Amino acid sequence: MLRIHDTLTGELVDFIPRIEGEVSLYACGPTVYDHPHLGHARQALTYDVARRYLEWRGYTVHHVANVTDIDDNIISRATREGSTETEVAQFWEAEYIAVMDELDILHPHDRPHATEWVAEMVDFIQVLVDNGSAYATPSGVYLRVRSVEDYGALVHRTHDELAEGAGARVEVDPDKEDPLDFALWKAAKAGEPTWDSPWGPGRPGWHIECVAMSLGILGDGFDLHGGGSDLVFPHHTNERAEAVAAGREFSRYWMHNAMLNIDGEKMSKSLNNFQTIRDVLAQDPLNGRALRLLLLQTHYRKTLELNDDTLAQAREATRRIDAMVRKATNAGIALDGAARDEAARDAFREEMDRDFGTPEAMAVVFELVRKANSALDSSDEAAPGLVATAVELATALGVPPEVPGAGGEQDGDAEIDAMVEARTAAKAAKDWAEADRIRDELAAQGITIEDTPTGPIWYR
RNA sequence: GCGUCGGUGCCCGAGCGGCCCAAGGGAACGGCCUGCAAAGCCGUACAGUCGCGGGUUCAAAUCCCGCCCGGCGCUCCA
């Protein structure tokens, strides 16, 4: 039984999907107006891993992640650059997808865009207006938050506690009945893109898009709604309020991933430690997988410490997995028919079932790596099963081994093969000076040689 | 201030009241292997006050209370 820490109840609860064997997952996607940064990576990776695990466990997953392609930031960037909102959104969405591809993040089954769902949003708002939980003013349409009894449930605050916070702020819009009321529809402002509505031209508020799209695609009572912990309030709280006010059944479970720190401090533009995914990937070819592994080795609900050091540590750890597979490949181990280590698979499932315990699941994988290495060294017959299980489980978490250039033949790099052979010959002749000279020469080209019981292997 | 999540070895980081004299990864040291390396394996030192102080319990890193410190949130329009 999979258990998940549900944000709404604040407890570890049994995960029972709406339909047995099927999981509907809605994970909030990005607002596309700038470079995707490491926070986006953590968010996307959290739900990517959740999805992969659910699939490994035999569920059919319907994963939806939206793209917010109209909002204040997009408008201001378009204005600043003298381009259009559409151009800004399309450019940064393409960049977002390209970067996520490099991190091996699976594409969601649906990637709805806010601008394509405006009609559904208008219909939804109409329901809220008709049933009295929303009202129109000259500046837009607002949700009457007081009409939602447990409005602050996700953040575990009462209405009054929330109102206290809101009261401390300057209330700009005198048309609003209550400071907590928020915009479902914003009346048109000069120079902004607008859509028609029964309340005049304007554009949708931030939260309504996710409600319209999640319920529209996944249906009432879909299973899991996820996002970064910074979205709990106001975004998810308001989404939920809209759904509740409309009498719709919203998500059954909520999960939220924690933020990350860089060099011990939160990542923010003001601290000037904001790192884009693109920059991190450019620093080292292994960084994509290292980042994945680093995230897997920290529980998704805990603040992650990221710096050059922790990233380097994760790179070394990925090498450990790769080295084992390289050795197995070179030894001619066939993985396809190998019997899996069921005890390890059970341990893995048990750890993952406890609120996606990826750090412990990775520990299971590394235990397998150690046992597999040991078996490979002694040509133990258990080796294929151990290697196959380690590969299966690592792949289930999205960190499959990568052994490019292993062996050499598939690279068709005859020149390097020839040098490796020359070194082997030199070794046979006990000409150590020549053998070392060749090894140094290869090293200068970024090629590492490993001697194994089944002969030398090389890789870049 | 309020809410929420956390504070575990040199670093990152698990830990489900007894299986914890605390997983796993990285770094270090010793041994085996190697012509020498690399990779790997075996072992060692690292936590002995698991932020601090109380309490509950036969038993607490794990539960409760208080305090200290950190992350996030406390509303788009400011």
Side-chain angles (χ1 to χ4, degrees), chain A residues 3 5 7 10 12 71-73 139-140 145 152 154-158 160-173 176 179-183 186 189 205-207 228-238 256-261 264-267 293-294 296-299 301-307 309-324 326-327 350-351 354-355 357-367 369-378 426-427 430-433 435-436 439-440 443 448-453 456-459:
Chain A
R3 288 183 296 159
H5 179 92
T7 311
L12 202 58
D71 98 314
D72 294 341
N73 290 309
S139 60
V145 167
L154 259 187
V155 269
H156 307 283
R157 317 272 333 252
T158 64
D160 290 339
E161 284 169 339
L162 284 166
E164 210 174 301
R169 309 280 166 151
V170 180
E171 184 47 53
V172 181
D173 188 346
K176 288 195 338 190
L180 286 178
D181 292 350
F182 59 88
K186 301 180 182 194
K189 290 182 194 157
W206 177 23
H207 322 296
S229 63
D230 56 344
L231 295 182
V232 177
F233 190 91
H235 187 47
H236 288 166
T237 293
N238 287 352
H256 291 92
N257 59 281
M259 307 286 99
L260 50 81
N261 282 182
E265 290 181 305
K266 67 170 177 176
M267 184 175 72
L293 189 62
L294 185 56
L296 287 169
Q297 289 188 301
T298 305
H299 189 88
R301 284 191 290 112
K302 185 174 171 175
T303 305
L304 171 81
E305 210 52 64
L306 192 88
N307 53 53
D309 220 26
T310 57
L311 209 48
Q313 290 175 10
R315 282 199 299 271
E316 290 309 311
T318 63
R319 287 203 181 96
R320 185 167 159 73
I321 299 172
D322 292 349
M324 176 210 56
R326 192 156 48 231
K327 198 193 291 185
E350 192 179 322
E351 301 301 355
R354 189 172 22 252
D355 195 25
T358 56
E360 293 135 307
M362 278 314 301
V364 170
V365 172
F366 280 112
E367 278 291 312
V369 169
R370 184 179 54 76
K371 286 182 186 168
N373 274 324
S374 189
L376 287 166
D377 282 349
S378 57
K427 283 179 66 179
K430 296 199 191 304
D431 184 352
W432 310 129
D436 290 350
R439 187 169 63 195
D440 289 346
T448 306
I449 272 205
E450 280 176 17
D451 288 329
T452 77
I457 49 183
W458 64 268
Y459 62 95

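Throughout, protein chains are lettered first and strands after them, A, B, ... in sequence-line order, and every chain is numbered starting at 1. Only this structure's heavy atoms are used, side chains among them; waters, hydrogens and symmetry mates stay out. None of the values given here were measured: they were computed from a predicted structure.
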Under-3.5 Å donor-acceptor pair between [X] side chain and [N] base:
X	N	value
A/Arg439	B/rA37	yes
A/Lys186	B/rC77	no
A/Asp436	B/rG35	yes
A/Arg370	B/rC41	no
A/Asp451	B/rA37	yes
A/Gln313	B/rC11	yes

Spacing of OG1 belonging to A/Thr452 relative to CD1 belonging to A/Ile449, to within rounding of 0.5 Å: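 Result: 11.0 Å between the selected atoms.
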Please state the [atom1] separation for the pair [N] and [M] - nearest whole angstrom.
N	M	atom1	answer
B/rC21	B/rC16	P	15 Å
B/rA22	B/rA47	C1'	8 Å
B/rG71	B/rG53	C1'	24 Å
B/rG7	B/rU49	C1'	15 Å
B/rG3	B/rC64	P	15 Å
B/rG26	B/rA38	P	15 Å
B/rU4	B/rG66	P	12 Å
B/rC2	B/rC77	P	27 Å

Which nucleotide in the list [options] gets nearest to the side chain of [X]?
X	options	result
A/Lys302	B/rA39, B/rG6, B/rA37	B/rG6
A/Lys327	B/rG73, B/rC77, B/rG40	B/rG40
A/Glu316	B/rC11, B/rG26, B/rG35	B/rG26
A/His156	B/rG25, B/rA39, B/rG3	B/rG3
A/Thr303	B/rG24, B/rC12, B/rG71	B/rG71
A/Lys176	B/rC76, B/rA38, B/rG40	B/rC76
A/Glu360	B/rG73, B/rG15, B/rC12	B/rG15
A/Lys427	B/rG40, B/rG73, B/rG35	B/rG35
A/Arg157	B/rA23, B/rG3, B/rG24	B/rG3
A/Thr298	B/rG35, B/rG13, B/rC16	B/rG13

Phosphate contact (B/rC41 OP1 or OP2) by A/Asn373 side-chain N/O below 4.0 Å: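 Checking A/Asn373 against B/rC41: at least one side-chain N or O falls below 4.0 Å of OP1 or OP2.
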OP1 or OP2 of B/rG40 under 4.0 Å from side-chain N/O of A/Arg320: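 Result: yes.
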Whole-Å gap separating [atom2] ([N]) and [atom1] ([X]):
X	N	atom1	atom2	value
A/Asn307	B/rG26	CG	C1'	12 Å
A/His299	B/rG25	NE2	C1'	18 Å
A/Lys371	B/rG24	NZ	C1'	13 Å

Ring center gap for A/His236 and A/His207 short of 6.0 angstrom: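 No, the ring of A/His236 stays outside the 6.0 Å limit from the ring of A/His207, centre to centre.
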Could you identify the nucleotide paired to [N], looking across every strand shown and requiring Watson-Crick or G-U wobble geometry with both distances under 3.5 Å?
N	value
B/rA39	none
B/rA28	B/rU44
B/rU4	B/rG71
B/rC33	none
B/rC50	none
B/rC63	B/rG55

A/Gln297 (side chain) donor-acceptor with A/Leu294 (main chain) under 3.5 angstrom: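 Not at all, since once roles are kept as given, no pair shorter than 3.5 Å links the two residues.
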Backbone N/O of A/Gly140 and side chain of A/Lys186: donor-acceptor pair under 3.5 Å: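 Side chain of A/Lys186 to backbone of A/Gly140, a donor-acceptor pair under 3.5 Å: no, none is there.
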Minimum heavy-atom distance A/Thr303-A/Thr298, with the two atoms named: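 Smallest interatomic distance, heavy atoms only, reads O-CG2, 4.3 Å.
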Which atom of A/Val232 lies closest to which atom of A/Val155, heavy atoms considered: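 Result for this residue pair: CG1-CG1, 3.6 Å.
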Salt bridge present between A/Arg439 and A/Asp436 (N-O < 4.0 angstrom):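 Counted as a salt bridge, because a side-chain N and a carboxylate O are separated by less than 4.0 Å.
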A/Phe366 six-ring centre to A/Arg320 NZ/CZ under 6.0 Å and within 45° of normal: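 No.
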Report which part of the nucleic acid [X] touches: base, sugar-phosphate, or nothing (heavy-atom distance under 4.0 Å, all strands).
X	answer
A/Ala317	sugar-phosphate
A/Val232	nothing
A/Arg301	sugar-phosphate
A/His256	nothing
A/Trp432	base

Stacking check A/Phe366 vs B/rG24 (5.5 Å / 30 deg):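 Per 5.5 Å and 30° rule: no stacking.
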A/Asn373/A/Lys327 under side chain to side chain contact (heavy atoms under 4.5 Å, CB included): CA gap, chis, key distance, verdict: CA-CA 8 Å; A/Asn373 274 324; A/Lys327 198 193 291 185; 3.5 Å; yes
